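Data first, discussion second: the structure below is written as C-alpha cells.
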Amino acid sequence: MSDKQHLYLVDGSAYIFRAYHRLPPLTNPEGTPVGAVYGYTTMLWKLAEDLDKADGPTHLAVVLDKSSQSFRNEIYDQYKANRPDPPEDLVPQFPLIRDATRAFSLPLIEEPDVEADDMIASYARAAASQGWDVTIVSSDKDLMQLIGTSEQGGTIDMLDTMKSARIGPAEVEEKFGVGPELVGDVLALMGDSVDNIPGIFGVGPKTATKLIQDHGSLTAALDAAPEMKKSKLKERLLEHRADAELSRILVTLKEDCELPIAIEDMKLGKIPPEPLVAFLTGHGFTSLLRRIDNGGSAPGPTTQLHPAKPQNKGEAHAPKGNRQPPPEMPEVDRKAYECVQTVDRLEAWIDRAFAARLVAVDTETSDLDCMLCDLVGVSLATGPNEACYIPLGHGSDDMFAEKPTQIPLDVALAKLKPLLESDAVLKVGQNIKYDLNVLARHDIHVAPIDDTMIVSFALDAGRSQDGIGGGHGMDELAQRHLGHTCLTFKEVCGTGKKAISFGEVPLDRATEYAAEDADVTWRLHAHLKPRLAIEGGTRVYERVDRPLIPVVADMERHGIHVDRARLAGLSERFASEITRLEGEIHEIAGQEFAVGSPKQLGEILFDKMGYKGGKKGKSGQYSTDQSVLEKLDASGAPIATKVLEWRQLAKLKSTYTDALQQAINPRTNRVHTSYSLVGAQTGRLSSTDPNLQNIPIRTEIGREIRQAFVAEPGNVLLAADYSQIELRLAAHMADVDPLRDAFAAGEDIHARTAMEMFGEVDRDTRGRAKTINFAILYGISRWGLAGRLGIEADEAQALIDTYFARFPGIQRYIVSTLESVRERGYSETLFGRKTWFPRINSKNQAERQGSERAAINAPIQGTSADIIKRAMARMAPALEQADLKPGQPDGVRMLLQVHDELVFELPEDLAERAKPVIERTMAEAAQPAVSLSVPLGIDIGTGRSWDDAH
DNA sequence: GATGTCACG
DNA sequence: GACGTACGTGACATCC
C-alpha cells in the first residue's frame, strides 16, 4: 500500500435522486419515506469501510447542493427551469441526508450560488495539483470532464457505487467516443433536457460525438459548418451556434471556487460511534446497527466499536443536550428585514423560497383565536437575516385614516398559494397548526410542513420545569438555543387596556417583529432538526407527531355543534338551584358569606360552627375540599351536603353551561377547541379555549351537559374509546401474565384482580381492586392507597405486597424503569417518545418521589397517547379506502379526541359501515411498529348527542 | 398571579 | 425525624 493521499468526494445530491429511484420505497406505516436515506447511509458505510484498502479513501467529504439557484441562472435564466419538482416522498429526505452525514462525523460542503459539481471540480483540481489521487463518487456525466492525471501525478477518477464501477479515461472514451477533455464539447452540442441546457436542436449523443471526433473541438465543428454540404445538420449548426456556445459555458465546471474546508482537514479516521448509533437507532436501521453491536465493524478501522457509556451518569438532572453552543450564524439584525409592499418584491421572495426549498413561515393576525381572527400579514425567512414581512391588513378601522401601502390581500395570497402548497418546498413554522388554520380559511392548504415547537417537544419534553407552552414557546427556545432575545408581542402591541391589535402597529415596527419570528423559526429549525436524528427523536416526530399536525388542525377548524338553547335552559335551572341552596346554607350558618370562598367557608365550618377535623395547609387555611366535606356529611353535618351540592352546580354553570354558550363561534355556529400537541409532558394532547376534554360524564346531572353536544340534522355522533388501554399496556409492558390472560379472554379486569387479591369477587372487593389497579399505574405509596381505601398504612402495604406477589412483573417493571430513568434522565414509550425527569435524583425527597411516580406512569400514559395519535393519523386514509368520504359534508369527520376516545360526526346511514373501519384502525394502531401481547378493545356507539353515543 | 377546587382521562 | 402522600391536564372564583 502506498502512502499516497486519496481524496473521495461524494456527490450527495445526485446520489439520493438515483437511490430514490433504484431502491425499494422503504417507508414506515405512516408513509414517512427513508429509502433514499437508507441507501445513502449504506453507501457512506461502505466507503468508510474501504479506508485501509488499496485505492480506498484517506480523506473524504460530502458535497451537497445548497440551493437550486446558482451563478448559471444569472447567465441563463432558463437554466434547470424545466426541472420537475422532486417527488413528494423524497422532499422530507433532503434534510435527513445532512443528518446522516453528520452522524458519520464527515465534513459537509454546501456553498450558495454554486452547484455541488463546481465544488467537486474545485476540490478535485486542488487535490490533484498537490499530487493527490481523487475519486469522485458519482455517475454524473458532467463530472466526467474532470477525469485524468494532473502534471503533479494526481489522478482523478470516478466511482459509481451502485454499479460498483470505476470510471477512468477508458470508460469515458467508451461512453463519449472522446477523451475527458472533450466531454464538455460533446455535452454542449447534445444539450440536456433535464437541466434545460439547449445544445443544438436535433443533435443527440451520436451526432455530437461524431462532430467532435471529426473536427477536434466544438469551436472547430461550428466554424466548419459553412463549409459543410447542404443538410438539416448544417442549417441547425449555423442557426443555433449561439445556443451551443451558451451551452458550452453552462456545462463548464467552475474549478476555482473558494474552498471552505482545507482538504487536509478532510482526513478520514475512526468514525465516532455515538452519533452514528443514535442516528441508526433513530431511523430503525437495525441491520446496520447490528453490524456495530455484533462486535463487528463500525465503519473504518476501529479500535473501540461500542458506543461509550454516557458520562453524566447520576447527573441526569443537569442535562446538556439542550444547552449546545449556538450554531454559526450571524446575529439577528432586525434592520436587515424587508417590508414587502409591491407584487414585484413579493415575487422575488417567492422565487427565493422556491430556490431554497425550505422557508420559515409565520402569519400575523388580529386575534389569538385562529377561528375568529383576521389575517394581518405573512412573514417568510429563507436564511439567517433573510426575512421579510408582507403586510396585508394593516391600518386602523377609521375610514378617514390613510392606510399604508399594501399588496391587496387576494393578490398576495394568490401569489403565495403555489409556494405554500408546493411539495418541493418545506414550510417551517413555530406552532404551525395555527398558521395552517388561518391559511386554510383562505383556501390555502399548506404542505409539507415542519414545526420547531413539535421538534423541541420530541427532544426536550419535561426538561423545562415551567413556562408558557411547556418550555417550547418561541421566545424561550430562541433564548435557550440561540442566545437571542426576541421582541415580545407586548413590546409591540402594548398590554392591558392600551393594547392595540397587530394591524394597528406601524409597518416598520411590525416588520421587525414579524420577520424576526420567521427568521428565528428558520434558525431554530436549523439548530433543532439535526438533533432529532442524533438523539433518537426522529421516529416519534416523523411517525407520530408530525403527521398529526394537519389532522388536528382539521378537527379544530371543523368544531362541534352544541345546542345553545339547551345550555341556556340548564344555566337557568342551575342558577335558581344555586340561589336556593345559598339561602339554606346561610340559614344553617346563621350569617351570610361567600359560599364560593374556601377561606370564608373554612372559618364558618371549623371556627364558628365548631366542627372537628379542620386541617390547615401551609397557607394557614382550612381545607374544605370534597373529601373533607364528605367526611363532615357522613358525621351528620347538613351544611356540608348543601355546600357539596352548591359547589357541583356552581362548577357546572360557570365552567360549562355559561362558558360553552360563549364559546360558540358566531361565524360557524360551532364550538372550536384548540388542542396543544405539547401540552402534556407524557405526549398526550391537551385542550383549551374551551377545554373539551373535561366535559362532565360521571354524574347524572353532569351528563345533561353532554346531551347538548349534538350532531347536525341527518347526522349522528359516534364515540369510540379504548377500553382500559393503560392497564392493558401495563400488562404488556410489565409482562403480567394473569392480567394478559384476563384481557385475552375478555374478562372483567377488576373482577379478575379482586379474585387474585382477595380470593372472592363482590362489589366491595372489585371496587378495592379497581382502586389498586389505578394506584399501580400512578406509582403507588402505602399512604396514598391507605387514604383512598380508608384503611391504615400498614394494611395498605400488605395489599401492595399481595399485588406484587400475584403480579410479579409489576415490581420488576417499576424497578427497571426507575433504574433506567435515574441513569439516562428520561423515560421512553414503546414508540420511543422520551420524557425527561430532571429531578429524579433530587436530594429533596418529596421532589424525588414525585418524579419517580411520574416516571413510572409516563411510559404507560405516553404509549397510550402514541397509539391513539397513530390511529388519528391513519383514520382519514382508512375511511377513504372504505369510501366513507372523510372530511366531506356527506362523509365521516373526526371531531374530538379525549385521551382514549375519538368522537366523529357522520350521516346516519353511514354509521354501520363506519364502525368496523374506525374500530379496526384504532385496534391496530400500534402495529406494525409494536406488537402487543394484549388485544386493544374498543367500545363504540352512536347517537344524536355525545351522551347518547356512549 | 397564587391558591383552592373540581371537571375529565 | 420531618416531609406529604396517585399520574396527566385546564377553567373558574377568590383573594392578595
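The shown structure was predicted, so the numbers you read here are calculated from the model rather than taken from an experiment. Here is how names work: the chains are called A, B, and so on, in the same order as the sequence lines, proteins then strands, and each is numbered from 1.
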What is the distance, to the nearest angstrom, from the [atom1] atom on [X] to the [atom2] atom on [N]?
{"X": "A:His899", "N": "B:dG9", "atom1": "NE2", "atom2": "C1'", "answer": "5 Å"}
{"X": "A:Gln662", "N": "C:dC12", "atom1": "CD", "atom2": "C1'", "answer": "14 Å"}
{"X": "A:Ile791", "N": "C:dT5", "atom1": "CD1", "atom2": "C1'", "answer": "14 Å"}
{"X": "A:Gln897", "N": "C:dT9", "atom1": "CD", "atom2": "P", "answer": "14 Å"}
{"X": "A:Lys843", "N": "C:dC3", "atom1": "NZ", "atom2": "P", "answer": "21 Å"}
{"X": "A:Tyr675", "N": "C:dT9", "atom1": "OH", "atom2": "P", "answer": "17 Å"}
{"X": "A:Glu901", "N": "B:dA7", "atom1": "CD", "atom2": "P", "answer": "18 Å"}
{"X": "A:Glu726", "N": "C:dA6", "atom1": "CD", "atom2": "C1'", "answer": "12 Å"}

Output yes when at least one side-chain N/O atom of [X] is less than 4.0 Å from OP1 or OP2 of [N], else no.
{"X": "A:Arg698", "N": "B:dG9", "value": "yes"}
{"X": "A:Gln693", "N": "C:dG8", "value": "no"}
{"X": "A:Thr655", "N": "C:dG10", "value": "no"}

*Would you say A:Arg853's side chain and A:Tyr778's backbone share a donor-acceptor pair under 3.5 angstrom?*
no

*Mark yes or no for whether A:Arg703, through its side chain, and A:Ile697, through its backbone, hold a donor-acceptor pair below 3.5 Å.*
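Yes, because the side chain of A:Arg703 sits within donor-acceptor range (under 3.5 Å) of the backbone of A:Ile697.
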
*Return the orientation label for the A:Tyr622 and A:Phe606 ring planes: parallel under 30°, perpendicular over 60°, tilted otherwise.*
tilted

*Angle class for the A:Phe774/A:His750 ring planes (parallel below 30°, perpendicular above 60°, tilted otherwise)?*
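The arrangement is tilted - the two ring planes meet at 30° to 60°.
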
Is [Y] close to [X] at the side-chain level, that is, under 4.5 Å between some pair of heavy atoms?
{"X": "A:His899", "Y": "A:Ile868", "value": "no"}
{"X": "A:Arg833", "Y": "A:Phe457", "value": "yes"}
{"X": "A:Ile701", "Y": "A:Leu649", "value": "yes"}

What distance, rounded to whole Å, do you find between the two [atom1] atoms, one in [N] and one in [M]?
{"N": "C:dA2", "M": "B:dC6", "atom1": "P", "answer": "30 Å"}
{"N": "B:dA2", "M": "C:dA6", "atom1": "C1'", "answer": "24 Å"}
{"N": "B:dT5", "M": "C:dC3", "atom1": "C1'", "answer": "24 Å"}

Closest listed nucleotide, where the reference is the side chain of [X] and the choices are [options]:
{"X": "A:Tyr656", "options": "B:dC6, C:dG8, B:dA7", "value": "B:dA7"}
{"X": "A:Ser686", "options": "C:dT9, C:dG8, C:dA11", "value": "C:dT9"}
{"X": "A:Ala854", "options": "C:dC7, B:dG4, B:dG9", "value": "C:dC7"}
{"X": "A:Pro696", "options": "C:dT9, C:dC7, B:dC8", "value": "B:dC8"}
{"X": "A:Gln626", "options": "B:dC8, C:dG10, B:dA7", "value": "B:dA7"}
{"X": "A:Lys651", "options": "B:dA7, C:dC12, C:dT9", "value": "B:dA7"}
{"X": "A:Arg684", "options": "C:dG8, C:dT9, B:dC6", "value": "C:dG8"}

*Is a donor-acceptor contact shorter than 3.5 angstrom present between the side chain of A:Gln845 and the base of C:dC3?*
yes

_Is there, by distance only and without an angle test, a donor paired with an acceptor across the side chain of A:Arg647 and the base of B:dG4 below 3.5 Å?_
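Counting by modelled atom types and ignoring angles, no donor-acceptor contact under 3.5 Å is found here.
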
Applying a 4.0 Å non-hydrogen cut-off, can you work out what [X] is touching in the nucleic acid: base, sugar-phosphate, or nothing?
{"X": "A:Ser864", "result": "nothing"}
{"X": "A:Ile697", "result": "sugar-phosphate"}
{"X": "A:Ile856", "result": "nothing"}
{"X": "A:Ala865", "result": "nothing"}
{"X": "A:Asp721", "result": "nothing"}
{"X": "A:Asn691", "result": "sugar-phosphate"}

*So, are A:Arg766 and A:Asp748 salt-bridged, with charged N and O less than 4.0 Å apart?*
yes

Tabulate protein N/O versus nucleotide N/O from nucleotides 13-16 of chain C, keeping only pairs under 3.5 Å, one per line.
from	atom 1	to	atom 2	distance (Å)
C:dT14	O3'	A:Ser597	OG	3.3
C:dC15	OP1	A:Ser597	OG	2.5
C:dC15	OP1	A:Gln600	NE2	3.0

*Taking DNA chain C as the partner, which of residues 771-787 of chain A come within under 4.0 angstrom of it by heavy atom?*
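Only A:Thr771, A:Phe774, A:Ala775, A:Tyr778, A:Gly779, A:Ser781, A:Trp783 qualify.
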
*side-chain contact (heavy atoms from CB on, under 4.5 Å) evaluation trace for A:Met609 with A:Ile604*: CA-CA 6 Å; A:Met609 300 181 72; A:Ile604 293 281; 3.9 Å; yes

*Determine, for A:Phe831 and A:Arg870, whether the Lys NZ or Arg CZ falls below 6.0 Å from the six-membered ring centre while staying within 45 degrees of the axis.*
no

*Six-ring centre of A:Phe574, A:Lys653 cation under 6.0 angstrom, axis tolerance 45°*: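 No, A:Lys653 does not sit over the ring of A:Phe574.
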
_Under 3.5 Å for both pairing distances: what stems, at least three Watson-Crick or G-U pairs long, include DNA chain C?_
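Correct response: B:1-9 with C:7-15.
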
*Between the side chains of A:Asp475 and A:Gln479, is a donor N or O closer than 3.5 angstrom to an acceptor N or O?*
no

*Considering non-hydrogen atoms only, spot the tightest contact between A:Ala640 and A:Leu632 and give its length.*
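Residues A:Ala640 and A:Leu632, closest heavy atoms: CB-CB, 3.8 Å.
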
*Taking it one step at a time, do A:Phe743 and A:Gln724 satisfy side-chain contact (heavy atoms from CB on, under 4.5 Å)?*
CA-CA 9 Å; A:Phe743 279 125; A:Gln724 309 283 11; 4.1 Å; yes

